Amino acid sequence: MACVLLAALALLAGGSTASAAGGDDGGTQSARLAELLRHNPVYVSDQLPREVPRSTAPAYAKLAKRTGVPTYVLVLPDASSGRSLLGAVHDRLGKDGLYVLVGTTGVTDARAFGVRAPAADAATVALYALPYDAGALRSFQEFVGAVAQGPERAAQRADSLRDAHAGDGKAEVEDLYIDRTDRENQSFLTGMLLLGVPLLVLLTGPYVRRWRHRRTQGTDGKGVSRAKAVSGGPRAAPKGLSLTKAASGAKGHSLTKGVSRAPRARPNIIELVVAGVLAALIGFGAPQVFDQTIDSATVTPTRADLTARLDRVAAGLRQDPVYTDLESPQLLDPASRKRLEAEIKAFTPGLVYVAVVPQLTDDESGGDAYAFAAALHRRLGKDGAYVVADPLNGDIDLVNYGLPLDPDRLGYQLPDDIRHEDFDHPADDHRLAQRLDKLMTFLGGIPRSDASDTDTLGSGTDATPDPLYDNALPALYTGDFWPGLMIGAFGAALLFGLITSGLGIARLVEVRRRERGTASPGKPTTAFDAPAAPSLAYLRRTAQRELTTLGTEFAVESADAAVQAQVWDCFDAAMLLTDGDPDGFVDKDVPAADLAAAIALARTALAMLRTQQTYAHCCERNPMHGPAGRGGPAARGAAARGGSAARGGRRRTPRPWLCEACRTAAGGVEPPGLTLPKGGGRIPYAQASGALPAARDGIPQLIVKVREYASVQ
């Protein structure tokens, strides 16, 4: 009995094995994929036309030849294959070689069977050496390159990349492609630079030229506020002194007002050329820098790519009302399939078509089961209930075309226990066979209707797939390029304002420094700084300030009689030249020569008050420099020539009276003499009308000339 029992068990086991093998042979996913590889070592799925079209198969085949070993490539949807798929396919195919599984983002698995190839290391290199957006074909290319380098080099690269991506400080690989937001930013930046940079050149060029001219000529320019004058002042003569101003009398001179001609505030030819060159460089250079034209590695599918899967499924449904996808896990065993086919034949209201096919976002229908069913209906040209069952997530959808089923009872969605698997008790096969049986029972219980209802269950009338994604980037000179132009103009104006403000502050500081004069630390100020080519505005403002300062210091300073008398003479002569009202302010119609003479007198008087000594001369080269003494490079040269002439019996040349700054001019270079504005040009002060030329003869002579000039006895 024991022997009989063992024999029976052996027969049962052999029968079960034979049955399983018979059912598995040609029916499992691995068996079908192995059969496909038997005809072509590279197979690209037709379920990913939006991401990896079948038309890219020749590119994969060309790369596979570079590995140096027999290579079998499967390009399948990511969720339709497990880690053991390559081993099962190899067992079914029975050929040694390098087996590679590629998904939508790149190489997902690689195995070497009977050949020397660094499959695992090459897969690691393809994973870590490229960014996420590299695409499947680029990833396979990197994989092939690592295999071709040999096991040792591939292992070194793989270890290096693992270390770089280990821990918290993971090495980030820069994306290969920009997105549409990046392109909008590039367009905006291009527009901003294209208008902003040339406009900034055209605005700042003329302004900087004028600023440099004013700085070189010592003029001030707009933006400098006029110093406020102190009303009144010590016009009354000090005790013991008397001086009467004539009640009438003309000054007897005329001098045309004017300023040094500055460059026009318009762009010159150089600035126009520079602006044009910059605009051309930006306009032609931006497309070279921002040269990307696509935002992903996606290849545009052909019409054949988009219809391949539909044609395959439609052809299968013409032969059998139940079609299971050959690339996906097989969830219907032979018994379940036969039972489902029998239930479909027994369904008297009409035909039922069941397509067990994955619904992916990268397929021709964009993952829309209702669009997929509508496309199948158009290809088959037959009314019926079209059932789409997804073997990857287990979802079931139904679309009714023309069957006389009561629409009120059919509703717009299948019951949840049919449409979705029980998430509380999931199963590897999603219990798809049992739920399809429930679906047929549900359809059999729906009352018949007199009229056909062609509404699409669960999706209304929407049976249009998502449009194909166009990975072409917008042109650079579109979109935000136009707002960029406006912002560029605004930015140029803003930067121009900042530049003018900075240069204006710098000019104001320099003007104030010049106007304050220079003084040695610890010593009274006896020398003053003054430009060689002052503007009329500078002269008027400086005269007002110096006279106001002199009036204030003269009122509080104590001085001996000689100093006090000479200070008063200088002060009164300056006021005669500038304040004819008198109202304590410099008159607006005072000529430039009179303003310069008043400044020379006021500064000489200030030096007397501060040093408590009298001065007979001011600087001959520029009277506005203040008191002067003999000496300096020019004086020494003149003295040497005069000494030689004296020894020869000729008359000695007198040495000039110069201020300290002019005497110690750097390198013995003769400083420029004072010139005054007249008309559109300038004249030396010695040629000016009025009392100013008398400054070369000394302060007393200048005061006398002023009184005569002002008709005062």
Side-chain angles (χ1 to χ4, degrees), residues 27-29 32-33 45-52 75-82 85 103-104 306 308-314 316-317 320-333 336-337 340-341 343-344 352-377 379-380 384-401 412-440 442-443 456-459 462-466:
T28 64
Q29 177 189 19
R32 295 187 180 187
L33 292 175
S45 172
D46 59 8
Q47 304 198 67
L48 306 170
R50 294 172 182 258
E51 188 69 27
V52 189
V75 182
L76 301 175
D78 295 330
S80 65
S81 57
L85 178 64
T104 55
L306 294 172
R309 187 176 73 152
L310 290 170
D311 294 339
R312 170 167 63 89
V313 176
L317 290 176
D320 196 305
V322 179
Y323 179 84
T324 57
D325 180 55
L326 61 89
E327 300 174 0
S328 303
Q330 303 301 298
L331 305 185
L332 297 180
D333 57 27
S336 300
R337 185 184 181 106
L340 180 60
E341 291 174 351
E343 292 172 348
I344 291 174
V352 176
Y353 299 97
V354 178
V356 185
V357 180
Q359 300 302 302
L360 308 166
T361 56
D362 296 321
D363 64 27
E364 76 291 328
S365 304
D368 188 342
Y370 303 107
F372 179 73
L376 284 179
H377 174 248
R379 272 168 170 70
L380 289 175
Y386 286 75
V387 179
V388 180
D390 192 329
L392 302 183
N393 59 26
D395 288 348
I396 298 176
D397 294 284
L398 182 143
V399 184
N400 178 29
Y401 289 103
Y412 290 101
Q413 281 190 348
L414 293 174
D416 286 342
D417 61 340
I418 296 177
R419 191 178 187 205
H420 303 291
E421 71 169 315
D422 187 358
F423 296 110
D424 295 332
H425 302 86
D428 292 339
D429 61 354
H430 307 293
R431 295 186 176 84
L432 189 64
Q434 296 89 329
R435 289 164 50 221
L436 287 174
D437 291 340
K438 285 186 178 181
L439 172 64
M440 296 308 302
F442 170 76
L443 291 177
T456 303
L457 178 67
S459 64
D462 183 10
T464 303
D466 293 337

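A quick note: this is a predicted structure, and the numbers were derived from the prediction, not measured.
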| said: For Q330 and T324: C-alpha separation, side-chain torsions, deciding distance, then whether side chain to side chain donor-acceptor pair (under 3.5 Å) applies. | reply: CA-CA 7 Å; Q330 303 301 298; T324 57; 3.3 Å; yes

| field | Note: R309-D363 ion pair, threshold 4.0 Å (strictly below) | value | yes

| Side chains of Y353 and L380: closer than 4.5 Å at any heavy-atom pair? | yes

| task | For T104 and E51, run side chain to side chain donor-acceptor pair (under 3.5 Å): C-alpha distance rounded to whole Å, both residues' side-chain angles, the deciding distance at 0.1 Å, then the answer. | result | CA-CA 7 Å; T104 55; E51 188 69 27; 6.0 Å; no

| Pair D46-D311, side-chain contact (heavy atoms from CB on, under 4.5 Å): steps then yes or no | CA-CA 10 Å; D46 59 8; D311 294 339; over 6 Å; no

| said: Donor-acceptor pair, distance only, cut-off 3.5 Å: does the side chain of R379 make one with the backbone of V313? | reply: no

| said: Please report the interatomic distance CG(D320) to CD(E341), rounded to the nearest 0.5 Å. | reply: 4.0 Å

| message | Taking the side chain as everything from C-beta on, heavy atoms only, tell me whether N393 gets closer than 4.5 Å to P358. | response | no

| Which pair of heavy atoms, one from V388 and one from A369, lies closest together, and at what distance? | CG2-O, 3.9 Å

| query | Distance from L398 atom CG to Y370 atom OH, nearest 0.5 Å? | reply | 8.5 Å

| message | Evaluate V322 against L332 for side-chain contact (heavy atoms from CB on, under 4.5 Å), listing each step before the verdict. | response | CA-CA 10 Å; V322 179; L332 297 180; 4.2 Å; yes

| task | For residues F372 and S365, report the shortest heavy-atom separation together with the two atoms involved. | result | CA-OG, 3.5 Å

| Which heavy-atom pair separates L414 from I396 by the least distance, and what is that distance? | CD1-O, 3.9 Å

| message | Between R419 and D397, does any side-chain N to carboxylate O distance fall below 4.0 Å? | response | yes

| Taking atom types as modelled, is there a side-chain donor on D333 or S336 under 3.5 Å from an acceptor on the other? | yes

| said: Within the structure provided, determine whether L436 and V387 are in side-chain contact (heavy-atom separation under 4.5 Å). | reply: yes

| remark: Separation between CG (D395) and CD1 (I418), nearest 0.5 Å, reads 13.0 Å

| note | Partner of Q47 under side-chain hydrogen bond (donor to acceptor under 3.5 Å, both in side chains), picked from E327, Q359, E364, is E327

| message | Let me confirm one number: the CG-CZ distance from D422 to R435, rounded to the nearest 0.5 Å. | response | 9.5 Å

| message | Can you tell me how far apart CZ (R431) and NE2 (H425) are? Round to the nearest 0.5 Å. | response | 8.0 Å

| query | Between L439 and V354, is any pair of side-chain heavy atoms under 4.5 Å apart? | reply | no

| task | Working to the nearest 0.5 Å, report the span between CG of L432 and CG of D390. | result | 9.0 Å

| Between the side chain of H420 and the main-chain N/O of G394, is any donor-acceptor distance below 3.5 Å? | no

| task | Identify the heavy atoms of E343 and D437 that sit nearest to each other, and give their distance. | result | OE1-OD1, 3.2 Å

| Do the non-hydrogen side-chain atoms of P77 and L48 ever get within less than 4.5 Å of each other? | yes

| Closest heavy-atom contact between R50 and P465? | NH2-CB, 4.2 Å

| Where is the tightest heavy-atom contact between P391 and L331, given as atom of each residue plus distance? | O-CD1, 3.4 Å

| field | Test item: L392 and L360 side chains (from C-beta on) under 4.5 Å apart, heavy atoms | value | yes

| Using the ring of each side chain (for Trp, its six-membered ring), is H377 parallel, tilted or perpendicular to Y386, with breaks at 30° and 60°? | perpendicular

